[in-house]
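Presented below is the structure to which this report refers.
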There are 2 protein chains.
Amino acid sequence: MRQGQISTTGHALLGLLSFAGEVSGYELKQLADRTLRFFWVSPAMSQVYSELGTLDRAGLVEAREEAANGPRPARRYRLTPAGEEELRRWLAQSDVGFPVIKHGVALRLFLGHMVSPDRMEEMLQRYTEQLEGRTAELAQIREGLGDDPAYRYAALVAEWGQRYYREEAEAVQVVLEALSRPRT
Amino acid sequence: MRQGQISTTGHALLGLLSFAGEVSGYELKQLADRTLRFFWVSPAMSQVYSELGTLDRAGLVEAREEAANGPRPARRYRLTPAGEEELRRWLAQSDVGFPVIKHGVALRLFLGHMVSPDRMEEMLQRYTEQLEGRTAELAQIREGLGDDPAYRYAALVAEWGQRYYREEAEAVQVVLEALSRPRT
DNA sequence: GGTCCGATGTTCCAAATAGGAATAGTACGC
DNA sequence: GCGTACTATTCCTATTTGGAACATCGGACC
């Protein structure tokens, strides 16, 4: 939890800023929802703002107040050289924990002895549909990235994600089949 | 976040208690580390105890103070009928969110433009090793479950997990190959 | 022109979670 | 008899979540 002062979320936001140029907290949250969400928890609105405050005080991002006479004034943030340095340092040094999953479907399957077969099947079916939706979303994102070398790594992650969703869908089918077989 | 008074973690603990019989907070945490951890966040020690307190006050678990003259006295908890009912209700009614992953490896791959190729490869290699370790752990657990119908669902989850780890390992290999190809 | 709606933009608050440190008693090997 | 590891619980702090509340702007619509 402790690595200097900046949390993992803080570093993730620095990472997004390294793509984004100059954005408001609101836009940063939207960017997180379009990217981070697929492999990390997209931080809450409130956390985006409080984290930006922390990063600002640490000199890792720079805020620019928009002219008050323009449209909707907003504070826009961008990465500073110190911020980029900190991000590189973190990427090089921080230890990479094993992924943590909060898998509600697996949790409920685990407690299957307390769930009606109908409900279980419905749940798995619904998950399959959600997976299709996600796959489509990700496919569209992947397409949008093209083969622009600037998005090389994002593309790799998107492809990994698509693979994962496909595999999950298959795994669910296997479970459904196992459940439909009468237990010995 | 709000579903009566009991959090998701609370319900997960109720679920574990439905397997465990009568256990102390410490044992419950250990059980969570051996089971829940593979598909959910294993709650912190402190949270296990505070959650047990909440569940107790709600009448969903029952505490029994061990005789003070015995060995290490411990408060042991077991599920009450009301607790089982609540668990069934929750399983039947609560909505099942799409899984959330905190995937440090994917996060760092996403930010690959700021990571040295060596570090990236080392990280992916290390993840592969961790996956092998986890697969072995899970295989052992799966074996321990045998084909006891009492553990039917646990076995399904364990098999799903093994599948997932295998797939992750393959996906990492694909990424490693893509990275080793010179970019066009 | 006025009015409603949805998107933008930010702050605030309460609760849940995470991650350990601190504290103790007990068992067990040596 | 002593050190070490395991059992057991409590406490503290920081992080994270999930929204409500507030305000402003741009268009759509009548």
Side-chain angles (χ1 to χ4, degrees), chain A residues 1-13 20 22-34 36-37 40-58 63-77 94-95 97-98 100-102 104, chain B residues 1-13 22-34 36-37 40-56 58 63-77 94-95 97-98 100-102 104:
Chain A
M1 193 164 280
R2 176 144 302 97
Q3 53 230 334
Q5 281 320 331
I6 308 303
S7 67
T8 305
T9 303
H11 286 106
L13 292 181
E22 201 183 36
V23 291
S24 69
Y26 190 84
E27 287 167 337
L28 191 54
K29 166 62 174 162
Q30 289 201 319
L31 181 57
D33 285 343
R34 271 181 293 123
L36 220 52
R37 178 172 55 112
W40 197 264
V41 186
S42 185
M45 204 73 259
S46 50
Q47 212 197 342
V48 170
Y49 280 96
S50 69
E51 208 62 52
L52 280 172
T54 306
L55 294 172
D56 191 10
R57 279 190 297 284
R64 191 173 60 85
E65 210 71 47
E66 231 162 41
N69 59 346
R72 238 183 328 275
R75 230 169 303 125
R76 298 188 171 277
Y77 295 87
S94 64
D95 65 85
F98 195 84
V100 172
I101 309 191
K102 290 175 85 160
Chain B
M1 197 165 282
R2 175 146 301 99
Q3 53 231 331
Q5 278 323 329
I6 309 302
S7 67
T8 306
T9 303
H11 286 106
L13 293 180
E22 202 184 35
V23 291
S24 68
Y26 189 84
E27 287 166 339
L28 191 55
K29 165 63 174 163
Q30 288 201 320
L31 181 57
D33 285 342
R34 272 181 292 123
L36 220 53
R37 178 173 54 112
W40 198 262
V41 186
S42 186
M45 204 72 260
S46 50
Q47 213 196 339
V48 171
Y49 280 95
S50 70
E51 207 62 53
L52 280 172
T54 306
L55 294 172
D56 192 9
R64 190 174 61 84
E65 210 70 48
E66 229 162 43
N69 59 347
R72 240 182 328 276
R75 229 170 304 126
R76 295 185 173 280
Y77 295 87
S94 64
D95 65 85
F98 195 84
V100 172
I101 308 192
K102 289 173 85 159

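Just the heavy atoms: all of them, side chains too, but no hydrogens, waters or symmetry mates, feed the values below. Residue numbering restarts at 1 for every chain, and letters A, B, ... go by the order of the sequence lines.
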Do any side-chain nitrogens or oxygens of [X] fall under 4.0 Å of OP1 or OP2 in [N]?
X	N	result
A:Gln30	C:dG9	no
A:Ser7	D:dT16	yes
A:Ser50	C:dT11	no
B:Tyr49	D:dT10	no
B:Tyr26	D:dT7	yes
B:Arg75	D:dT7	no

Between [N] ([atom2]) and [X] ([atom1]): distance, integer Å:
X	N	atom1	atom2	result
A:Glu22	C:dG9	CD	P	12 Å
A:Trp40	D:dT17	CH2	P	10 Å
B:Asp33	D:dA8	CG	C1'	15 Å
A:Arg37	D:dT17	CZ	P	14 Å
B:Lys102	D:dT15	NZ	P	12 Å
B:His11	C:dT17	NE2	P	11 Å
B:Ile6	C:dT17	CD1	C1'	16 Å
B:Leu55	C:dA16	CG	P	12 Å

- Item | Residue whose nearest DNA chain D nucleotide is more 5′ - B:Tyr77 or A:Glu51 |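 Whichever sits nearer the 5' end wins; that is B:Tyr77.
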
- Tell me which nucleotide among C:dT11, D:dT17, C:dG9 gets nearest to the side chain of A:Met45. C:dT11

- Minimum-distance nucleotide to B:Ala44 side chain [options: D:dT17, C:dT10, C:dA18]: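 Selected nucleotide: C:dA18.
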
- Contact class for A:Gln47 vs. all strands (heavy atom < 4.0 Å): base, sugar-phosphate, or nothing?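 Here A:Gln47 touches the bases of the nucleic acid.
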
- Task: Using a heavy-atom cut-off of under 4.0 Å over every strand shown, decide if B:Ser46 touches base, sugar-phosphate, or nothing.
- Result: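 Contact class for B:Ser46: base.
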
- For A:Lys29 and A:Pro43, indicate whether the former's side chain and the latter's backbone hold a donor-acceptor pair under 3.5 Å. yes

- Without swapping roles, check the side chain of B:Tyr26 against the backbone of B:Met45 for a donor-acceptor pair under 3.5 Å. no

- Message: I want to check something: taking the side chain as every heavy atom from C-beta on, are A:Val48 and A:Leu52 in contact at a cut-off of under 4.5 Å?
- Response: yes

- Looking only at non-hydrogen atoms, find the nearest pair between B:Ala12 and B:Leu36 and report the distance.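 In this case the closest contact between B:Ala12 and B:Leu36 is CB-CD2, 4.1 Å.
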
- Message: Can you list everything that forms a side-chain hydrogen bond (donor to acceptor under 3.5 Å, both in side chains) with B:Arg34? Sequence neighbours excluded, please.
- Response: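 Partners of B:Arg34 under the side-chain hydrogen bond (donor to acceptor under 3.5 Å, both in side chains) test: none.
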
